[in-house]
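Only one structure is covered here, and it is reproduced in the block below.
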Number of protein chains: 2
Amino acid sequence: MNENARPLRRNEIRAQNEALILQAAETVFAEAGFGGATMQLIADMAGLPKANLHYYFATKEDLYRRVVQNIFEIWLHAADCFDNAPGPVEAIGAYVDAKMEISRRHPNGSKVWASEVMHGAPVIQDYLESTLRDWTAGRARLIQNWIDEGRMDPVNPDHLLYMLWATTQHYADFGHQIETLNGGAPLSDVQWLAAKESVKRIILKGIGAI
Amino acid sequence: MNENARPLRRNEIRAQNEALILQAAETVFAEAGFGGATMQLIADMAGLPKANLHYYFATKEDLYRRVVQNIFEIWLHAADCFDNAPGPVEAIGAYVDAKMEISRRHPNGSKVWASEVMHGAPVIQDYLESTLRDWTAGRARLIQNWIDEGRMDPVNPDHLLYMLWATTQHYADFGHQIETLNGGAPLSDVQWLAAKESVKRIILKGIGAI
DNA sequence: CTTCACCTTGACCATACGGTCAGGAAAAGA
DNA sequence: TCTTTTCCTGACCGTATGGTCAAGGTGAAG
């Protein structure tokens with residue numbers, strides 16, 4: 001860090017180090033889980049002494065909480081495309097694209113999120129009960145409208161949303177399994193495109209939107 | 001354990017205690033992850049002293065390995081319905097039913113499996129590369145045959161399989177999230193049925209099998 | 001230059017964890 | 001009955017972990 005000679009300003013130091021730590025923490029938490037992650041490992045990966053981590057983040061849980069919150073932001077943001085779309089084909093298509101892109105670009109974030117939820121969401125239960133619940137209810141209403149307008153089959157909106165989450169996040173959370181089945185190589189650009197198209201095609205046709 | 005007075009025979013003792021420990025271990029590993037789980041916690045949940053765990057399972061990793069292997073057995077067994085079915089509708093329908101039932105009856109097992117894969121499959125990598133790869137290749141060939149016979153759309157068999165895994169396992173791995181969005185209550189019998197039918201309907205229609 | 005607030009870090013601490021072991025209890029076999 | 005094998009467990013050990021702290025370094029403000 002700070003390879004060039006220019007001394008860093010205060011704000012830069014703080015911002016840069018926090019980002020560095022959060023990045024390293026996301027990786028380590030994703031690879032080892034909360035319990036398996038150690039502050040020492042995160043510190044090594046960030047290239048800082050362990051004590052410095054505790055200067056910026058008081059406890060391991062604080063650090064973890066920040067990591068999870070960051071992911072939740074990204075996660076929610078992906079849903080914007082859902083709102084400004086004229087109909088189910090565009091909305092769901094764009095949503096799948098966005099979430100697949102997240103799975104590809106932020107696989108570690110997705111894993112941390114999955115791990116957190118799997119362990120009973122000890123840290124972000126309140127988010128689930130407020131923000132996520134509201135978001136889900138709103139999108140379910142949107143879907144119901146499309147159904148009422150005859151633009152898609154009468155499917156259960158909740159289960160459709162679960163299906164969208166499941167299929168897209170699977171490519172991040174189970175990326176290692178997919179990679180192994182792909183002969184040990186990560187999916188290529190072409191394969192990612194095929195995955196996206198597969199998911200979109202099957203779901204959109206499955207709900208009678210195309 | 002051994003509530004009635006009858007003394008247990010050797011074989012019974014061993015079998016009973018191993019089962020007790022494996023059951024407790026599955027729960028704890030699912031709730032806390034490998035790193036977060038402690039032998040003490042597993043021992044408490046099994047109602048045995050910690051030293052007794054190490055009598056039956058030498059190390060924490062041995063115990064974990066056994067838990068994961070048990071799950072893999074169940075997982076693979078669910079695939080039997082795939083083989084003896086006359087066509088895609090029956091095969092995929094039965095497979096979804098079976099996997100949804102596993103998600104409902106063995107949510108902890110599914111979580112441990114997911115956790116293991118998410119962390120790079122340190123313990124069961126060889127299974128992925130042998131048994132699972134073979135299984136997947138065989139099923140993909142089956143699907144390709146159905147496509148060639150014009151019994152379903154020309155979809156990518158691998159991505160279809162991923163979709164089946166993702167959607168069904170989601171109900172176990174993200175069960176807590178679903179429960180929260182369901183007002184804090186577990187899915188009822190009716191809701192589980194609706195979930196199954198939703199998944200089957202969308203996928204089967206989505207691949208042009210119905 | 002001086003002062004002050006912020007940043008850095010090696011050394012340290014208490015605790016909790018995985019694992020060991022010796023010695024006793026209980027069942028199986030003779 | 002006596003012997004052998006298996007099972008049980010409290011007490012213990014070395015280590016690794018999350019977290020603390022005091023002392024020193026460094027950019028900003030006057």
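We use all heavy atoms of the structure for the numbers below, so side chains are in, but hydrogens, waters and symmetry mates are not. A note on names: the letters A, B, ... follow the listed sequences, proteins ahead of strands, and every chain is numbered from 1.
Side-chain polar atoms of A/Trp192 and A/Glu197 form no donor-acceptor pair below 3.5 angstrom. Side-chain N/O atoms of A/Ser198 and B/Asn156 include no donor and acceptor closer than 3.5 Å. Looking only at atom types and distance, the side chain of A/Gln69 has no donor-acceptor partner in the side chain of A/Glu73 under 3.5 Å away.
Within the 4.5 Å cutoff, the side chain of B/Glu26 has no heavy atoms near those of the B/Leu63 side chain. Using a 4.5 Å heavy-atom cutoff, the side chains of B/Ile124 and B/Leu128 are in contact.
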Between the protein and nucleotides 22-25 of chain D, list every N/O to N/O distance that falls short of 3.5 Å.
none

What pairs of nitrogen or oxygen atoms, one from the protein and one from nucleotides 9-12 of chain D, lie under 3.5 Å apart?
unit_1 : atom_1 : unit_2  : atom_2 : d
D/dT9  : OP2    : B/Asn52 : ND2    : 3.3

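Here C/dT8 is the nucleotide among D/dC7, C/dG19, C/dT8 with the atom lying nearest to any side-chain atom of A/Asn17. Closest contact between the side chain of B/Lys60 and the listed nucleotides C/dC7, C/dG18, D/dC8 involves C/dG18.
With sequence neighbours excluded, the residues forming a side chain to side chain contact (heavy atoms under 4.5 Å, CB included) with A/His106 are A/Ile74, A/Ile102, listed by chain and number. For A/Trp146, the ring pair (Phe, Tyr, Trp, His ring centres under 6.0 Å) test picks out no residue, with sequence neighbours left out. A search for salt bridge (Lys or Arg N to Asp or Glu O under 4.0 Å) contacts involving B/Arg65 returns nothing, not counting sequence neighbours.
A ring pair (Phe, Tyr, Trp, His ring centres under 6.0 Å) with B/Trp113 holds for exactly one of B/Phe29, B/Phe72, B/Tyr64; it is B/Phe72.
Taking atom CG of residue B/Asn11 and atom C1' of nucleotide D/dT5, one finds them 13 Å apart after rounding to whole Å. When rounded to the nearest whole Å, the span between CZ of B/Arg14 and P of C/dA28 equals 14 Å. C/dT20 atom P lies 7 Å from atom NE2 of B/His54, rounded to whole Å. A/Tyr56 places its OH atom 18 Å from the P atom of D/dG19, with the value rounded to the nearest Å. The interatomic distance linking A/Asp44 (CG) with D/dG18 (P) rounds to 12 Å, in whole Å. Atom-to-atom, CG of B/Leu63 to P of C/dG18 comes out at 11 Å; the value is rounded to the nearest Å. Here the P atom of nucleotide D/dT26 and the CD atom of A/Glu12 are 17 Å apart, to the nearest Å. For the pair B/Ile13 CD1 and C/dA25 C1', the computed distance is 11 Å after rounding to whole Å.
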> Where do B/Asn182 and B/Gln191 land on the side chain to side chain contact (heavy atoms under 4.5 Å, CB included) test, with the steps shown first?
Replying inline: CA-CA 10 Å; B/Asn182 192 43; B/Gln191 285 175 314; 2.9 Å; yes

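Across all strands shown, A/Phe57 has no heavy atoms under 4.0 Å from either base or sugar-phosphate atoms.
Residues of residues 33-42 of chain B that place a heavy atom closer than 4.0 Å to DNA chain D do not occur.
Classified by interplanar angle (parallel below 30°, tilted 30° to 60°, perpendicular above 60°), the ring pair A/Tyr162/A/Trp165 is tilted.
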